[in-house]
Structure formats: structure tokens, C-alpha cells
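The block underneath contains the structure these notes are about, expressed in C-alpha cells.
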Amino acid sequence: MSHPWMLAALMLPLAGLVLADETPTQLESVVVTATRTAEPESTTLASVTVIDRPEIERRQARSVPDLLRGLPGVSLTRTGGPGHQSSLFLRGTNSDHVLVLVDGVKIGSATSGTASLEDLPIEQIERIEVVRGPRSSLYGSEAIGGVIQIFTRRGGGDWSPRLTLGAGTLHTARVAAGLSGGGERGWIDLGASLDRTDGIDACSGRSSPFAGCGVEQDDRDPYRNLGLSLRAGYSFSEQAELEFNALRTEGRLDFDGSAFAGNVSRSEQQVLGAKAILKPLEPWTLTLAAGQSRDNYRSFFDDPDTADGERFIDRFETTRDSLSLQNDWRLNEAQLATVGLDYRVDRVDGTVDYSRDTRDNLGVFGEYQASLGAADLKLSLRQDEDGDLGGHGTGNAALGYLFDTGLRVSLAYGTAFKAPSFNDLYYPDYGNPDLDPERSRSWELGIAGELPVGPGIDGRWDLSLYETDIDDLIAYDAASSAAANVRRARIRGLEATTSADYRDWSLKTSLTLLDPENRSPGANQGNLLPRRPEQSLEIDLERRFDRWSLGGTVFVAGRRYDDLANRDRLDGYALLDLRAEYRINPALRLQASLENALDEEYETAYLYNQLGRSVYLTLRYQP
């Protein structure tokens, strides 16, 4: 791939920072998702992006998909406005090739194989870690493209209330409140939020020939979401700690549908978790965790031509129970060994009669981490026994070297797999119980260092080159009239990010170049995989004053195709978002944002509409 103009655009905004002469002090971010153990973000050998609570509020993001848009390696599609299905493609892999965790508990539907990121309440989120690249050697199925872990607010310290009020375009409104505290040894946070909007007309579909949603309904599609969260824990001593977390969301969405598929949905997600951390011996840390996640989706049909009310159509429900045991043994200051096991039982229920409705998985994993002078080494292996699907072995190896100049170079290789979903295996007239897991092999070369743009600038850059080959992809096979392992893909990519702070200025840039090639035999061989743009670029610039801050984000995405045949082309687009914040006093802030300021008309999925120019005001109170 040759895109020199985008590489130039990535570096151009740094020119204005050359005359810097002061460096602000920032705390080091710590990540746990990449290795299942805590490590500084700057020294991890994985490609990781951390979004903390101050960054969430600084960006004034309104949903989790909005927050993830523009991150390196992330491609998003949305079938309409707020609340409508958002599909995330991590490093060009399929939308069900990313594992999503909430406080360590796997979420999502076992029937569709994906998680509803659009329903997660952003006001209850403390931090998000996005790990790009295969992680099946630590987490098992689905982690082909990577892992996204969402941490809810933790609390601690003195008791502190918070309140958020927001309003905006399309009668959008948000109310969120919370209370956190717990003292020196304890921590607790309780939060609640309510979001609603009149929405937009989600789809400009057509019934003949069938395209998009397949119907023509020129109406707005409103959305409402209620979120509740609780996270509490207590440290009895340096050797014993206990924590509990709970999250629940309830959503209602109108969409353009039919009497067969429905046009109203009600969804619930619930996550419960408990974790005990024990240190029986000085070098030994034992972590025992249990969790349950539920994903419930119901569809109804509300005929706009009658007053009969809603008629029930379908229900799909997933319940996941999980148990994890992890032993971390500190061999010495520079070496850490980890051994653990995960056990999970998936159950499905609803109106579809699956031939099997339960499946269990046992995974045993081990990891070795060592710092050998200027070199770092990370090795991991895992064996999964997945019900009737048999065993699946995966592994990862990464080696990094830090030069005296501050330049870090790393090389990694990993394998991963994705177990078939219940729909793939057992859905009537489609499922195939003889399916094999989807398998992948990935190489990655990473380079990172400090920005050489002048004294006084606190800045870093990193560059990643990778290739992923995926075999036995599952799709409908017309010859057998069922799902089959009939597709292959090869994905090559480049990711580059820079960040720089000078006095009251802050700059962040992110570039992704992608070559997602369909290598399946047949007429579509050599085509681009659907809905992945080949190029995307984000530039975020902010200026802080005494009480004011002003910022803007430019996001550019290249063309993409909506179908395997590459006939339905979706043009590239550019979005400009502007924002401002005024700190009335230390506890009270007023925020304003203008999203899609140029009122760009664009599609990320064929015939599905996106929000135009929108204005939002938010008042935040937190002592």
C-alpha cells in the first residue's frame, strides 16, 4: 500500500509544536488486558489504546461506538442513528472476531456471536482498553482481531456525588447521576443514567429489488436506554481483597422493519461479577473470579396503519456463567509466570428451536514474561476444550528491544480461533453441527519512540505493520444449503499514531491503512472484504485556557464496499466535530459540541442513514 499523502497528513500538525519549551507531567497508564497482568502501557509489547474517564469527558463522546471511532485499527458501521446496531471490525477481521469484556466478564449474544456496544452506558464507564492483535492464547475464542475490555467506575476515597444533564438535536436528552466513595480500604460506586432521542429515519431501503432494510418507512426511529451500575470492594489487608460488580442496561428502539422481522426491539444486558485476590506467599498472587452475563433481545411489530399496538415476533436470550482461576508467580524482579484456567457455560433460549441449547468450554493457559536487560520476552499458550467441537490450541510469542536512543522495536507472532456460534451450528435450515472453528495466524512488527520535534514537548509515536491470514471462515454454502467453512481472507495493515503536549496544547493523530483481501475461491477472490475502509485518519487538536478549553476532531475515511462482489460502493467521507468546555467552578463544567459540523451526508452501510449536523449541551457536576 502506498499512501504517502496520508503519512504526511499525520505528521503535518506537529510542525506548530517545534518551539515548545515546557513539558507537562503525566501519570503512566497501566494496562491489564494485554497479558491479564498489570503492566505500564509504554512498555507493553502489544498494540494497546487506553481511554480513561478524563479522555471520555474531554472528547464529549455520546456512546461507546462514537468513542472508539478513529482509534487505530478500528472500523465501524452503524445501521442508522443512535442505538442502532454498530458493527466493529478490529484490524479488518470480522465483527465477531473481537472479544468484549466488562470488568473481566465476557458479554454478547451466543446466537449472533457479537456484543451490542451501542447499548453500554458511557456515563458508567471508567476506562476502556483496546488490545489489537490475536489474544486467543490468553482468552480463547473470538480474540482473532483483539480484545476490548470495559471497566466500570470504581470509586474510593471521600464520598462524592456527581450529576450530568444534557440536551441536544432531535430532542436528545441525558440524565446521569452517581455516588462514589469508600474510604482508604474500600471502594464503591453507584451510577444510573437515562438517554433518549427522537432519532432519524434509519434506513432508505427498497423492497424490489431488495436492498438495505428491504422496506420504505419514512419516519424517525427513536431510542431510549436506561443504565445502572454498581462496583464495590474492600481490601482486608495486603494479602486479601474482594470486589463485586454489576451492570444492567435496558433499551428500546424503533427501526425500519416488517411484520415478519418486527420494527420495535427491546433489549437487556446484565453483567454480574465477583473477584477475590489473595497473596498466600510474597511472590504468589491468586485470583479467583466468577461472573454471569445475560443478553436478551425481543422484537415486536407495531403496525403504523392500525391502532392494535405491538405484536410479539421473536426472542433470543443468552446466559453465560464463567469461572476463572489465575496464579501469578513472581520468579524474580524481572520474570513473571502465570498459570490459570477458565470455565464457561453458554445457554440460549427463545422462540427459535435450536437442536442444542447449551455448550461449555474449558480453557487452560500459561504465560511467561521476562525483562532481560534491554530485551523483553512474552510467551503464552492455551488449550481450549469446547464441548462437541473438540480441542483448540493457540499460542503467542513477542520479543521487544529498547535501544539507548529510546526507540523500541518488537516482533510478535500469534494464532487464534473463533468457535462457531449457535446460529452457525444449530439454526434451523442454516446451521451445520460439523463446522470447524475459524483459525488465524498473525505477524506484527512494532516500532515506537519519543517524538524528535523539539525540547519541551512530551510526545510519542508508534508504528505497527501486520498481516493476518484467516482460514475456514464460516458462510452460507449454496451447494449444501447450510453454513460451511468456505472462505479465506488475508489482511495486511499499517497503524501509526502520534501524541504531543506543549503547554496548553494537545495533539493526537491516528492513521490506519488496510488491505482486507477476500481469498475465498470463486468470483469474489481478490475483492475487498465488505464495510472496511482502506484508509482512515483522525486528527484531534485541543487548546486549554484558564477556564476554557476548545477542541476539534477531523475524521476521514476512504471508500469501502458493502458486498462481497464489490458492486455496492460506499464513498469516502470527512467529518468535523467541534467542542468547547467552560469550568464555572472547580465542581461545575458546561460543555458544548457541534458534531458533523459540515453536515456531511455519508453511509457506513448501504442505504442506512447517519446523523447530520448536531448540537449538544452538557452540564457536569462533581465536587
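Values in this document were obtained by computation on a predicted structure and should not be read as measured data.
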Listed by chain and number, what are the side-chain contact (heavy atoms from CB on, under 4.5 Å) partners of Leu570, not counting sequence neighbours?
-> Arg560, Asp562, Glu603, Tyr606
Among all residues two or more places apart in sequence or in another chain, which pass the salt bridge (charged side-chain N to carboxylate O under 4.0 Å, His left out) test with Asp469?
-> none
Answer yes or no: is there a side-chain heavy-atom contact under 4.5 Å between Ile470 and His97?
-> yes
Residues at least two apart in sequence or cross-chain that pass side chain to side chain donor-acceptor pair (under 3.5 Å) with Thr37, listed by chain then number, are Thr35, Gln369
Pair Tyr354-Tyr426, ring-ring contact (aromatic ring centres under 6.0 Å, His included): steps then yes or no | CA-CA 5 Å; Tyr354 293 96; Tyr426 310 120; 7.2 Å; no
Working to the nearest 0.5 Å, report the span between OG of Ser204 and CG of Leu607.
-> 6.5 Å
Between Glu142 and Lys418, is a salt bridge (charged side-chain N to carboxylate O under 4.0 Å, His left out) present by the stated rule, with each step listed?
-> CA-CA 5 Å; Glu142 299 179 24; Lys418 161 67 170 62; 5.4 Å; no
Determine, stepwise, if the pair Arg320 / Asp346 fulfils salt bridge (charged side-chain N to carboxylate O under 4.0 Å, His left out).
-> CA-CA 5 Å; Arg320 282 193 168 103; Asp346 293 347; 3.2 Å; yes
Pair Arg266 + Glu310, salt bridge at N-O below 4.0 Å | yes
Hits for salt bridge (charged side-chain N to carboxylate O under 4.0 Å, His left out) against Glu438, two or more places apart or cross-chain, chain-then-number order -> none
Heavy-atom closest pair, residues Leu514 and Tyr466 = CD1-OH, 3.3 Å
Check: Arg91 and Glu495 side chains under 4.5 Å, non-hydrogen atoms = yes
Checking Arg567 against Tyr561: charged group under 6.0 Å from the ring centre and within 45 degrees of the axis?
-> no
Applying salt bridge (charged side-chain N to carboxylate O under 4.0 Å, His left out) to Arg196 and not counting sequence neighbours gives Asp198
Excluding sequence neighbours, so at least two apart, what forms side-chain contact (heavy atoms from CB on, under 4.5 Å) with Glu250?
-> Leu226, Arg248, Glu268
Below 4.0 angstrom, N of the basic side chain to O of the carboxylate: do Asp195 and Arg224 qualify?
-> no
Closest approach of Pro72 and Thr49, non-hydrogen atoms and distance?
-> CG-OG1, 3.9 Å
Would you call the rings of Tyr430 and Tyr476 parallel, tilted or perpendicular if under 30° counts as parallel and over 60° as perpendicular?
-> parallel
Taking only residues two or more places apart in sequence, or in another chain, which ones meet Asp349 in a salt bridge (charged side-chain N to carboxylate O under 4.0 Å, His left out)?
-> Arg315
Glu243/Arg231 ion pair, N-O < 4.0 Å | yes
Between Asp66 and Arg59, is the closest basic N to carboxylate O distance under 4.0 Å?
-> no
Can you sort out the partners of Phe417 under ring pair (Phe, Tyr, Trp, His ring centres under 6.0 Å), two or more places apart, ordered by chain and number?
-> His392
Specify the closest pair of heavy atoms between Leu247 and Ser229, including all atoms of both residues, with the distance to one decimal.
-> CD1-CB, 3.8 Å
In plain terms, say whether Arg559 and Glu534 are close enough for a salt bridge, that is, a side-chain N and a carboxylate O under 4.0 Å apart.
-> yes
Nearest heavy-atom pair of Thr93 and Ile491: which atoms, and what distance?
-> N-CD1, 3.7 Å
Salt bridge or not for Arg174 and Glu123, using N-O below 4.0 Å?
-> yes
N/O donor-acceptor pair under 3.5 Å between Ser86 side chain and Arg78 backbone | no
Determine, for Phe151 and Arg127, whether the Lys NZ or Arg CZ falls below 6.0 Å from the six-membered ring centre while staying within 45 degrees of the axis.
-> yes
List in chain and number order the residues that pass side-chain contact (heavy atoms from CB on, under 4.5 Å) with Ser137, two or more places apart in sequence or in another chain; answer none if no residue qualifies.
-> Ser380, Thr394, Asn396
Specify the closest pair of heavy atoms between Thr468 and Ser440, including all atoms of both residues, with the distance to one decimal.
-> CG2-CB, 4.2 Å
Can a donor-acceptor pair be found between the side chains of Asp314 and Thr351 at a distance below 3.5 Å?
-> yes
Qualifying residues under ring pair (Phe, Tyr, Trp, His ring centres under 6.0 Å), relative to Tyr413, sequence neighbours excluded = Trp443
Any side-chain donor near an acceptor of the partner, Ser421 and Asn423, under 3.5 Å | no
Does any donor atom in the side chain of Asp96 or Thr114 lie under 3.5 Å from an acceptor atom in the other side chain?
-> no
With Val364, which residues qualify under side-chain contact (heavy atoms from CB on, under 4.5 Å), at least two apart?
-> Leu341
Residues Arg490, Asp471: salt bridge by 4.0 Å N-O rule = no
Where at least one partner belongs to residues 109-139, residue pairs that pass disulfide (SG to SG under 2.5 Å), sequence neighbours excluded | none
Main-chain N/O of Arg488 paired with Ser520 side-chain donor or acceptor, under 3.5 Å = yes
Side-chain donor-acceptor pair present, Asp571, Tyr573, cut-off under 3.5 Å = no
Heavy atoms, side chains only, cut-off 4.5 Å: are Leu323 and Leu288 in contact?
-> yes
